[in-house]
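As structure tokens, the structure follows; a few thoughts come after it.
All values reported here derive from a predicted model rather than from experimental measurement. Order of the sequence lines fixes the chain letters, A, B, ..., with proteins taken first and strands second; residue numbering starts at 1 for each chain.
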Protein chains: 2
Amino acid sequence: VLVGPGDDAAVLEGGIVLSTDMSVEDVHFRRDWLSPEEIGYRAAAAALSDLAAMAAEPLGVLASLAVPVADAGDFAVRLMAGVSEAAGDVGTVVLGGDLARTAGPVVLDCTVVGRAARPVVRSGARVGDEVWVTGTLGGAARAVHALVTGGAPSAESRKAFARPRPRIAEALWLARRDVPTAMLDLSDGVAGDAGHIAAASRVALHLEAARLPLHPALAASEESGRDAAIAFAAGGGEDYELLFTAAPGRVDGVLAEFRDATGTPLTRIGRVEAGTGVRWTDRVQPPPRGYQHFTEAP
Amino acid sequence: VLVGPGDDAAVLEGGIVLSTDMSVEDVHFRRDWLSPEEIGYRAAAAALSDLAAMAAEPLGVLASLAVPVADAGDFAVRLMAGVSEAAGDVGTVVLGGDLARTAGPVVLDCTVVGRAARPVVRSGARVGDEVWVTGTLGGAARAVHALVTGGAPSAESRKAFARPRPRIAEALWLARRDVPTAMLDLSDGVAGDAGHIAAASRVALHLEAARLPLHPALAASEESGRDAAIAFAAGGGEDYELLFTAAPGRVDGVLAEFRDATGTPLTRIGRVEAGTGVRWTDRVQPPPRGYQHFTEAP
């Protein structure tokens, strides 16, 4: 074992990368919020995102599903179709799984396996590095907030929540050029996840709230203004974008080529400094109460 | 993907072998029957047994656990200690996992990864081959029967149920010498599992009930006689012994050496014939009602 528990995934000799992600009904998802296909898609995408975080090429997905007897037919088949679609969208397949009955909530466990020639871990950030993020932030959190408060999310924020796209291609592109010094995927929000790179690399991440790339759904929908949008982008989870550090100027040199190759924006949001933890240039509010995302371990 | 869904495990290029096994409280185990350590041990051993079935050397275990908030402390720690012990007993480690909360029954999903130079699959049995089994059969089923009917299982049958030993060393020993032509691990009982080799290999397995190696707990405890003991050995699940086929005389030539190396008995229980399905020389009763083992998919 080259990289053990504590990073986004385990890495074995030969560069085999493994990660597992469990989703529980009414904790991580609700049936009245998502179709069976979306439940499966989202769970598999979240697991595949851990491969992106390590810059690993996916080799396959294993999906274990516990369902009540009444859901063993159509519901289970549709959910597994969503798992299969998420795998297909990043060029991989479902390798196998298990089906069990339960008297309780639906539980779906997705295990992903991949291969990384040079896995990117959380511990490589150096003082002076820049902090970058792929895509835009806060879309999924905005959808969850709408659902929790009884509203209807916009189509684009709903899609960010229901069908997140693991940034596999982006991670592989960057890692092939040795761009990231440290990387992870944003499952709990920048504000929290940046601390994992800081801790593993024994540095501080100094972030600028004004630079956070806001999901289009935030820009359009926040009556409460820019502070609320930033709160979602900084503190909202489940974006599954990549947060990475890179030597100064390294990303600028490949920025245009990256966008041409992937179509995904890259935004510099801060800098690595000596110290510990995450610092913000500006005061960042927590997301509004009522937004509680559903991935907290007990 | 070299071997996909349908065998005991998936096999990727490079001989990476993967399998996953989900255990649900009150379906696959009961808390009043097993300690938390035993619940974890048994689930991990069942998953590792799928690596034995493919003659794969274990590289690690991933364990995802959903528990009620009240069990996130001591119970979860003890359960994971059992998973870790099962991994250690076959020379491997826990690589990672996930912890989720649930409002329902405990769910444990164990994914195992291994490597096999030449994986043994279910489809290689040839007409004329002999059918062999490791160890003894029916011990776990006898324990479950005692627990279901309110009795106390003997210490040795309880151990067979609570801490089954995956036959990794035995599988590797046999595969290194190219002994098995087809192999699987007995999770549902010989009577059912033999049919999987028959179907995959397009042959018939002709089994002799009188040859089944009875677990010592059966020999000692069956007031109802030899027929009942054979019923447990043939139809009882969760033995996690290996069932394999081999060319005529091939096992006899290595039998003494195998027993010296592993300490595990090998018993010839039948022969591969032309045809389909499983045939018995003698009439075999189903296990007594009240024995219902807990691994049936919905």
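Using a 4.5 Å heavy-atom cut-off against chain B, no residue of residues 83-92 of chain A qualifies as contacting.
To the nearest 0.5 Å, atoms CG (Leu18(B)) and OG1 (Thr111(A)) are separated by 8.5 Å. Distance CG/Leu62(A) to CG/Asp21(B): 11.5 Å, rounded to 0.5 Å. Considering CG of Leu59(A) and CD1 of Ile16(B), their distance stands at 8.5 Å, rounded to 0.5 Å. A distance of 9.0 Å separates CG of Asp109(A) from CG of Leu108(B), quoted to the nearest 0.5 Å. Put simply, CG on Asp98(B) and CG on Asp50(A) are 9.0 Å apart, with the number rounded to the nearest 0.5 Å.
Environment of CZ in Arg202(A): sparse, with no more than 12 heavy atoms of neighbouring residues, nucleotides or ligands closer than 6.0 Å. Residue Arg31(B) qualifies as enclosed at atom CZ: its count of foreign heavy atoms under 6.0 Å is above 12.
The shortest heavy-atom contact between Ala100(B) and His28(A) is CB-CE1, 3.6 Å.
Ranked by heavy-atom pairs shorter than 4.5 Å toward chain B, the options Ser64(A), Gly97(A), Gly104(A) are led by Ser64(A).
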Open item on the list: For a side chain to side chain contact (heavy atoms under 4.5 Å, CB included) check, start with the C-alpha distance between Leu99(A) and Met22(B), then their side-chain angles and the critical distance, and finish with the verdict.
Closed with: CA-CA 7 Å; Leu99(A) 180 63; Met22(B) 189 170 250; over 6 Å; no
Task: Stepwise side chain to side chain contact (heavy atoms under 4.5 Å, CB included) test for Val113(A) and Val113(B) - done: CA-CA 9 Å; Val113(A) 57; Val113(B) 56; 5.8 Å; no
Open item on the list: Walk me through whether Thr102(A) and Glu25(B) qualify under side chain to side chain contact (heavy atoms under 4.5 Å, CB included).
Closed with: CA-CA 8 Å; Thr102(A) 176; Glu25(B) 181 180 1; over 6 Å; no
